[in-house]
Amino acid sequence: MQTKFIFVTGGVMSGLGKGVVTSSIAKLLQLSNQRVSCVKIDPYLNYDAGTMNPVAHGEVYVTDDGGECDMDIGNYERFLNQNLKKTHNITTAQIYSSVIEAERRGEYLGACVQIIPHITDEIKKRIHKIAEDEKLDFLVVECGGTVGDIESLPFLEALRQMRLEEGPQSVLFVHVTLAPSLDVVGEQKTKPTQHSVQELRRIGIQPDFMAVRCTEPLLESTKKKISMFTNVTASDVFSCHDVPSIFSVPQILYEQGIVDKIFTKFAKVGMINSAANWDKWNGIVQSMQHKDGEIKIAMVGKYVTLADSYVSVNHALKHAGAKIGKSVSIDWIDSEGINGNVDTLSKYNGILVPGGFGSRGVEGIIKTANYAREKNIPYLGICFGFQLAAVAFGRYVLNYSDANSTELDPNTTHPVVDLLPEQKTLSNLGGTLRLGAHNITIKPNTIASKTYNADHVSRRHRHRYEINTKYLHEFEKNGLVFSAESDNSKRMEMLEIPSHKFYFGVQFHPEFNSRPGFPEESFEAFIRASAS
Ligand code: GLN
C-alpha cells in the first residue's frame with residue numbers, strides 16, 4: 001500500500017484558516033473510510049510551541065505523548081476524533097537539530113552538509129516515516145506560514161521534491177488563498193491570489209486545487225479568472241466562504257465535489273459508501289448548532305486578550321453545551337482587573353479558571369476562586385485554576401494568610417502548592433514540565449468518580465508545580481477533598497468540595513480530550529451544574 005500525500009500551502013496572509021481546510025479535507029477522507037492523518041509543519045526556529053507566549057501565538061496544545069504542539073494539532077484531533085503523536089508537528093529547529101547532531105556524529109562521511117539535500121531529506125524522511133508507521137491511505141500535510149516567507153522555503157522545496165519522486169499520482173497540492181471583497185457590492189478580488197500562486201510556481205510548485213477564502217460563495221466568474229491566472233482548472237477552484245461553524249466546512253467542500261476529485265486525481269477506485277459515517281458526523285455538526293437557552297460562563301485568567309490562547313477550553317465548553325442542547329457564551333475576564341470587584345462575577349452561571357503561569361493577575365484569580373466557593377457558583381479550575389483554588393482555600397478557610405504556590409511566592413510560610421521534586425534541579429525551561437498523558441486513580445464515591453464513571457482515567461498534563469501533600473489532611477478535615485491522585489498518591493489530580501453546588505479542580509488539562517459530540521466529562525459536569 002502506498003500512502004497518498006496532500007500538501008496544503010497558504011498564500012496572501014496568515015490566519016486564513018489553512019488548518020480548518022486541512023482538517024476538513026482529512027475529515028472528508030476519513031468519512032470515506034480512508035485511514036488518514038494530518039501533519040503540521042511550523043517553519044519557526046523554536047523547537048516546539050512550549051516556549052512560546054500564548055497571547056502572541058495561541059495555545060500550546062499538548063498531545064498524549066507529551067508534545068507541546070501548535071494549536072492546529074488540536075484542530076486535527078477534534079475534527080478526526082483521533083489522537084496524534086508529537087511527531088506530527090515538525091519545526092525547523094527539530095529538522096536542523098537532527099541534521100547538526102548527525103553531522104557531529106560524523107554520519108555525513110566528509111560531505112558538505114547543505115539545505116539541499118540534507119535538510120530536505122530529513123523533512124521527507126519524517127513525513128514518510130509517519131505515513132509508513134501509521135499505514136496511512138492519506139497523509140494531509142499543512143505547511144505553516146505564507147508562501148514567500150524565507151523560513152518555509154526548505155519545507156516547500158522538500159514537498160516539491162516529493163511530488164517529483166512519488167509522481168503526480170501520489171501527491172496533490174492544495175493552495176489556500178483569499179479573495180477579498182472591498183465593498184458591499186462585493187466584487188471578489190483575485191489579484192492577491194494570482195500573486196501568491198506566481199510565487200509558488202516560481203519555486204516549482206503548481207497547485208492542483210485552490211481553496212479560496214471569501215465572505216460570500218465564490219462567483220463562477222471569479223473562479224474562471226482565478227483558473228486562468230493560476231493554471232488550475234476552474235472546477236478545481238473551491239469556494240471556502242464564511243459558514244457559522246468551522247465544522248460545516250467539510251460539508252461545503254463535499255458539495256463542490258472535492259472527494260470525487262481527490263479520488264479521481266489519485267486514480268483511486270472503490271470509494272466506499274460512507275452514508276453511515278456522514279449521518280453520525282452530521283448529527284454532531286447539527287447538535288453544535290441547535291441551541292435552546294444560554295449558559296453564561298466567566299473565564300478568568302491572564303491570557304485573555306487573544307481568544308486563541310485558550311482555544312481548546314473554548315471548544316470544550318461548546319462541546320459540553322451542545323451535549324445538553326444549550327449554547328454557552330464565554331466572557332474572558334482579565335484577572336488583573338478583577339481584584340477589587342469580584343462581585344461582577346455574580347451574573348454568571350459558572351466560573352472557569354484555565355491554566356497559566358507566573359504571578360501577574362494571580363491575586364484576582366485567588367479572589368475569584370474564593371468568590372465562587374462562597375457564593376456557591378459552579379467552578380471549574382484547570383491546572384493553575386486547580387492550584388489556585390487550593391491556595392484560596394488555604395487562605396480563606398484554613399486561615400493561612402500567606403498560603404501560596406512557591407511559583408508565585410518562594411518565601412511563603414504555607415506552600416500549599418510546591419515545585420515537583422524532580423523539577424528542583426532543572427535549569428532548562430524547554431520541554432521540561434510534567435507533560436503528556438498520565439494515569440489517574442479516582443476515589444470511589446466522590447463527585448470525581450460520578451463525573452468520570454470510572455476508577456481510572458488517563459489525561460494530559462503540563463505543569464511544574466503540584467499540591468503539597470503535607471497539607472492534605474488539613475484540607476480534607478475542612479471540607480475540601482482530593483478525589484483523585486497519580487503515581488501512588490504522590491500527586492493530587494482532582495479536588496472537590498462535596499457541600500458545594502459544583503466546585504471542581506483538575507491538575508491536568510481536560511480540554512485536550514474534548515471532541516465534538518464527545519465532551520470531556522469534567523466540562524460536561526461543570527456545564528450541567530451551571531445550567532441547573
Ligand atoms: N504554573 C503552574 C505550574 O507550572 C500551572 C501550569 C498550567 O496551568 N498549565 O504548575
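Whatever order the structure lists them in is the order used to number ligands and atoms, beginning at 1.
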- Query: Under 4.0 Å from any heavy atom of H509, which atoms of ligand 1 are there?
  - Reply: 9 (N)

- How close does the nearest protein non-hydrogen atom get to atom 4 (O) of ligand 1, and which residue and atom is it? R464 N, 3.0 Å

- Message: Between F504 and Y379, is the ring centroid distance below 6.0 Å?
- Response: no

- Just need the protein heavy atom nearest to atom 9 (N) of ligand 1, so name the residue and atom and give the distance. R462 O, 2.9 Å

- Message: Just to confirm my output: which protein heavy-atom neighbour is closest to atom 7 (C) of ligand 1, and how far is it?
- Response: C383 SG, 2.9 Å

- Message: Ring centroids only, cut at 6.0 angstrom: are Y61 and H509 within range, meaning strictly under it?
- Response: no

- For atom 10 (O) of ligand 1, which protein heavy atom lies nearest, and how many Å away is it? Y465 N, 2.8 Å

- Task: Output the list of atoms in ligand 1 that are nearer than 4.0 Å to some heavy atom of G355, sorted by atom number.
- Result: 8 (O)

- F508 ring center near F386 ring center (under 6.0 Å): no

- Task: Report the nearest protein non-hydrogen atom to atom 1 (N) of ligand 1: residue, atom name, distance rounded to 0.1 Å.
- Result: E407 OE1, 2.7 Å

- Message: For E151, is there any backbone N or O sitting under 3.5 Å from a side-chain donor or acceptor partner on D149?
- Response: no

- Item | Exercise: do D64 and N83 side chains pair donor with acceptor under 3.5 Å | yes

- Message: How close do L45 and T92 get, counting heavy atoms only, and between which atoms?
- Response: CD2-CG2, 3.5 Å

- Query: Is it the side chain, the backbone, both or neither of E466 that has a heavy atom closer than 4.0 Å to ligand 1?
  - Reply: neither

- So, S486 and H438: side-chain donor and acceptor under 3.5 Å apart, yes or no? no

- Contact partition for H463 relative to ligand 1, non-hydrogen atoms under 4.0 Å: both

- Residue and atom name of the nearest protein heavy atom (relative to atom 5 (C) of ligand 1), distance in Å to one decimal: G356 O, 3.3 Å

